[in-house]
Amino acid sequence: MSEQSAARQIEVTLPDGRVVSAGAKDTPYDVARAQRLEGLETAIAARVDGTPWDLHRPLPGSCHLALIQPEDPDALEILRHSTAHVMAQAVKELFPDTRIAQGPSIADGFYYDFHRDTPFTEQDLAKIESRMRKLVKRGLPIVRHEVSRDEALRLFEEEGEPYKVHFVREKGGDVVSYYEQGDFRDFCRGPHVPNTRRLGAFKLLSVAGAYWLGSEKNEMLWRIYGTAFPTKEQLEQHLERLEEARRRDHRRLGRELDLFSLQESAGGGLVFWHARGAIVRQQIETFLREELERRGYRFVITPHIARDTLFRTSGHYDFYRENMYTLTADDEEFVVKPMNCPGHVQIYRTGLKSYRDLPLRMAEFGTVYRYERSGTLHGLFRVRGFTQDDAHIFCRPDQLLDEVDDCLDLIATVFRTFGFEKARYELSVRDPADPGKYAGTDEEWAAAEDALVRAMERRGLEHQRLEGEAVFYGPKIDVKVYDAIGRPWQLSTVQFDFNLPRRFEISYIDQESRQRTPYMVHRAILGSFERFFGILIEHYAGSFPVWLAPVQARILPVSDKVREFAEEAGRRLRAAGLRAEVDLRSEKVGAKIRDAELEKIPYMLVVGPREAERGEVSLRLRHEGDQGPMPLDRFIERARDKVARRALDN
RNA sequence: GCCAGAGUAGCUCAGUGGUAGAGCAGCUGAUUCGUAAUCAGCAGGUCGCAGGUUCAAAUCCUGUCUCUGGCUCCA
């Protein structure tokens, strides 16, 4: 350190507002120690002008300085990233022939990609984990180094790390940073915890193949996933959440509750809705149909297959071909529709449209088939045949805002009904750097974007703007909802389409008798019934609200002596429009209750001689237990009210 | 599609070269019971499928099908 730079002073503003001076090469650690900042022993890193910064990295100049403690939201990412490094170190120690690729922190933890001839096994994970614990115990300092790019290249070449060399070449600037703990070095931007002892609780979870740089053309690496938290309690909570997600798995509940199945004999990704699942779907369809009809949508039905020419005109044949099923008959080629839009545009094209005909809101619960690669299929979430709650709105420029606004209102209504409390709105717009690759004029894009933004603002909806995320044919809003255990699901979408109206040359005649191209908005609220059903099963953990429940009430006679009353009560419930059953098995009530609870039936009605005499039922609510006796009529009233209001509680 | 793992009774799983098992579910009978499992008996299998090795294969080998986890949130 030259005397000159040591002498130069910088000003550091501390969290309590004090401004202190420090040496130009001082680190956050130096300043914190000198100023006796609280929590230095536990700090994960520092925050310099809001940016996470190593405790032992010299400050860049005068700045605001704070310490990042383990409970700080920013700490998690650093902690996990450092844990990934320690894992890589453990792997290299245990398996010296391994080459390291990359290891970032991700939403729920971290991973690291390795190259190795033999795969990692579950037993290896346990070994790696215990080696990691040893590294933590050794308390190795994690040190940041800054070197020239050439020196970094030389370093990683010497270490025999071709993947790291690649990254230094691709991503490194003139000065390159790497981090070192013990014998382990990794090209990395940082920051990291100052010492391996500062790691929190971690666990390695799984190993899987992953292509180098994510491209199928490249070799496959081994990816080890893990997660890390500041404390053991938080880690255990997280593992508990994973366990809860497993309990809610719609594939498991779908089988246990007899809702749906996927059949090997039919092929992957094709859904068989069993009677109980079909009831749920029909309730959802009825609800949506009511909402849509109230809002002026007109339902249409279009064929499942069409001549290839239709999809050549729409353009799907060119850019969507690998996802389409085709068939040939009488030397003609047909396409099984992968989307409903071309069909809806055909309907629009019949007859001349006047400006008075708009807006035209065309809805269809349209079943489409798309070829998805076998490895991507997953329960109801990723399938090959599914039914979209699809609609296309054709409208004039002056109607844009109201139409988008109504879509948002519909979305809010639907989410509220299903009990999704939190949603996130994302606006995808053009990439300003590459305006050439988009369909539609600048004016159209501006008008559409304006309608989308203003509609959201009008409703006070915060949204995130994603530059360059728009599809080529128009801007869009995507809506994510969060389910009962906080997982996000992309559901609704409102998309402008400047492409299809032109390709099919659709038009309307305006007030001045001029031919105009209408705006076309594509929108789906649930996406597909299949996927939404899967989400709902997990959201409710199989316990559907009364209006959706396949069986709403089950009558549980205490003994055969009240069989007649039980059957009569069952008839009355069904006559009142409720889905009710009578459990006449020669089992004890306890067993009948247990089975009804396991089937997640919302209402259990216990009847014995007492109830039979008075025309009552003893109501037991799912998950809540005995509510005591009440007249049968009053129960019917209550149940019908819950159904009519589509209430979320029982 | 690719990589790894897994396919044994309806479900959950045991069985690692020598006669295919358990619990639950199912069926039959008994029991007639008051808020999360009554008792007994019976039945249930091409061990995913096709080849091969072997005196003998659920088990070893090859192929194939299906499922599961993953395949840039990124130095």
Side-chain angles (χ1 to χ4, degrees), chain A residues 77 80-81 84-85 88 100-113 118-122 124 152 156 161 163-173 176-179 186-190 205-225 246 249 251-252 255-256 258 261-269 322 371-379 556-563 584-599 604-611 618-629:
Chain A
E77 207 181 315
R80 287 170 173 174
H81 192 183
H85 274 219
I100 56 174
Q102 58 189 337
S105 78
I106 51 174
D108 276 330
F110 62 86
Y111 67 77
Y112 212 110
D113 284 347
T118 44
F120 294 103
T121 63
E122 293 290 319
D124 290 339
F156 286 110
E161 293 290 1
Y163 300 101
K164 286 294 159 192
V165 170
H166 169 90
F167 283 129
V168 175
R169 283 223 176 89
E170 290 289 309
K171 315 225 177 188
V176 160
S177 64
Y178 70 89
Y179 282 75
D186 196 351
F187 172 51
C188 184
R189 185 164 46 189
L205 296 173
S206 62
V207 57
Y211 296 104
W212 164 236
L213 300 178
S215 166
E216 293 171 30
K217 294 185 191 96
N218 294 334
E219 71 265 33
M220 194 159 272
L221 307 175
W222 300 108
R223 174 171 297 180
I224 300 180
Y225 282 92
R246 267 190 286 279
D249 193 315
R251 293 166 301 184
R252 172 202 174 110
R255 187 182 58 236
E256 286 175 0
D258 196 16
S261 62
L262 298 151
Q263 306 276 347
E264 192 176 330
S265 54
E322 57 279 17
Y371 170 76
E372 300 282 355
R373 299 194 304 173
S374 59
T376 61
L377 300 177
H378 179 90
L556 313 177
V558 161
S559 83
D560 239 9
K561 288 176 187 153
V562 288
R563 180 191 184 113
L584 291 170
R585 295 174 305 160
S586 95
E587 292 284 354
K588 294 190 185 177
V589 230
K592 293 180 181 183
I593 284 170
R594 180 181 145 84
D595 290 341
E597 287 277 0
L598 290 175
E599 287 176 54
M604 286 155 273
L605 306 174
V606 176
V607 299
R610 284 203 297 275
E611 288 81 1
S618 276
L619 174 62
R620 182 190 168 96
L621 292 179
R622 172 182 62 194
H623 311 324
E624 288 175 46
D626 191 7
Q627 308 290 308

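Please read all numbers here as calculations on a predicted model, not as lab measurements. Letters go in sequence order (proteins before strands), and every chain restarts at 1.
A donor-acceptor contact under 3.5 Å links the side chain of S586(A) to the base of U31(B). Side chain E611(A) to base G34(B): a donor-acceptor pair is found below 3.5 Å. On a pure distance criterion of 3.5 Å, a polar donor-acceptor pair joins the side chain of Y211(A) and the base of G1(B).
As rounded to whole Å, 12 Å separates atom P of G69(B) from atom CG of L377(A). Separating the CZ atom of R585(A) from the C1' atom of U35(B) is a distance of 14 Å, rounded to the nearest angstrom. Atom CZ of R251(A) is separated from atom P of U68(B) by 5 Å (rounded to the nearest Å). Between N218(A) atom CG and G70(B) atom P the separation is 21 Å, expressed in whole Å. Atom C1' of nucleotide U68(B) and atom OH of Y225(A) are separated by 15 Å, given to the nearest angstrom. Per the geometry, CZ belonging to R80(A) stands 12 Å off C1' belonging to C73(B), to the nearest Å. Going from atom CH2 of W212(A) over to atom P of C3(B) covers 20 Å, rounded to whole Å. Between E256(A) atom CD and A25(B) atom C1' the separation is 12 Å, expressed in whole Å.
No engagement by G103(A) is indicated, since no non-hydrogen atom pair under 4.0 Å with the nucleic acid exists. Within 4.0 Å of E170(A), counting heavy atoms only, lies no atom of the nucleic acid at all. Among the atoms of the strands shown, base atoms are found under 4.0 Å from some heavy atom of A107(A). Residue G608(A) is in base contact, counting any heavy-atom pair closer than 4.0 Å across all strands shown. Contact annotation for K588(A): base contact, defined as any heavy-atom pair under 4.0 Å involving a base atom. Within 4.0 Å (heavy atoms only), V606(A) reaches at least one base atom of the nucleic acid. Backbone-only contact: K164(A) has heavy atoms under 4.0 Å from sugar-phosphate atoms and none from a base. Within the nucleic acid shown, P557(A) has no heavy atom closer than 4.0 Å to any nucleic acid atom. Residue Y111(A) is in base contact, counting any heavy-atom pair closer than 4.0 Å across all strands shown. Nucleic acid contact class of S215(A) (heavy atoms, under 4.0 Å, all strands): none.
Between atom CD of residue E587(A) and atom CG of residue D595(A) there is a gap of 7.0 Å, rounded to the nearest 0.5 Å. Here the straight-line distance linking atom CG of L221(A) with atom CD of E219(A) works out to 5.5 Å at 0.5 Å rounding. To the nearest 0.5 Å, atoms NE2 (H81(A)) and CD1 (I106(A)) are separated by 12.0 Å. With rounding to the nearest 0.5 angstrom, the OH atom of Y211(A) is 13.0 Å from the CG atom of D113(A).
Comparing the C1' positions of A57(B) and C47(B) gives a spacing of 11 Å, expressed to the nearest Å. Of the C1' atoms belonging to A9(B) and C27(B), the separation is 14 Å, rounded to the nearest Å. If you take atom P in G7(B) and the same atom in A25(B), they sit 25 Å apart, rounded to whole Å. Distance check on atom C1': G48(B) versus A6(B) gives 11 Å, rounded to whole Å. Taking atom C1' in both G18(B) and U54(B), the straight-line distance is 12 Å, to the nearest Å. For the C1' atom pair drawn from U8(B) and C67(B), the interatomic distance equals 15 Å after rounding to whole Å. G70(B) sits 39 Å from A37(B) when the C1' atoms are compared, rounded to a whole Å. Atom name P, nucleotides G10(B) and U16(B): the rounded distance is 23 Å, in whole Å.
Of the side-chain N and O atoms in H378(A), one or more sit less than 4.0 angstrom from OP1 or OP2 of G69(B). The phosphate of C33(B) (OP1 or OP2) has a side-chain N or O of K561(A) nearer than 4.0 angstrom. Contact between the side-chain N/O atoms of R610(A) and the OP1/OP2 oxygens of G34(B) is not found at any separation under 4.0 Å. For R223(A), a side-chain nitrogen or oxygen approaches OP1 or OP2 of C71(B) to under 4.0 Å.
Pair assignment for A14(B) gives none, since no Watson-Crick or G-U wobble pairing has each distance under 3.5 Å. Both distances falling under 3.5 Å, in either a Watson-Crick or a G-U wobble arrangement, occur for no nucleotide opposite A36(B). A58(B) makes up no base pair with any nucleotide shown, lacking Watson-Crick or G-U wobble contacts both under 3.5 Å. For G1(B), the paired base is C71(B) (Watson-Crick or G-U wobble, both distances below 3.5 Å). Pair check for U31(B) finds none; no Watson-Crick or G-U wobble contact set falls under 3.5 Å. Base-pair partner of A9(B): not found among the strands shown (Watson-Crick or G-U wobble, both distances under 3.5 Å). Judged by Watson-Crick or G-U wobble contacts below 3.5 Å, the nucleotide C47(B) has no partner.
Side chain to side chain, D186(A) and Y112(A) meet the donor-acceptor criterion of an N or O pair below 3.5 Å.
Using a distance-only test at 3.5 Å, with no hydrogens or angles considered, a donor-acceptor pair links the side chain of K164(A) to the main chain of A101(A). In this structure, the side chain of E611(A) does not engage the main chain of P609(A) through any donor-acceptor pair within 3.5 Å.
When each of G34(B), G1(B), C3(B) is scored by its nearest atom to the side-chain atoms of T376(A), the top-ranked nucleotide is G1(B). Listed candidates were C2(B), U35(B), A37(B). Nearest to the side chain of D626(A) is U35(B). The side chain of S559(A) lies closest to C33(B) when the candidates are C2(B), C33(B), G34(B). The side chain of A208(A) has G69(B) as its nearest neighbour among G69(B), U35(B), U32(B).
In plain terms, the two heavy atoms of H378(A) and R251(A) that are nearest each other are CE1-NH1, 3.2 Å.
Both D108(A) and R620(A) lie close to RNA chain B; mapped to their nearest nucleotides by heavy-atom distance, the more 5′-ward contact belongs to R620(A). In terms of position along RNA chain B, the nucleotide closest to A210(A) lies nearer the 5' end than the nucleotide closest to the other residue of the pair A210(A) and D113(A).
Cation-pi geometry between R223(A) and Y111(A) is satisfied (NZ or CZ under 6.0 Å from the ring centre, within 45° of the ring normal).
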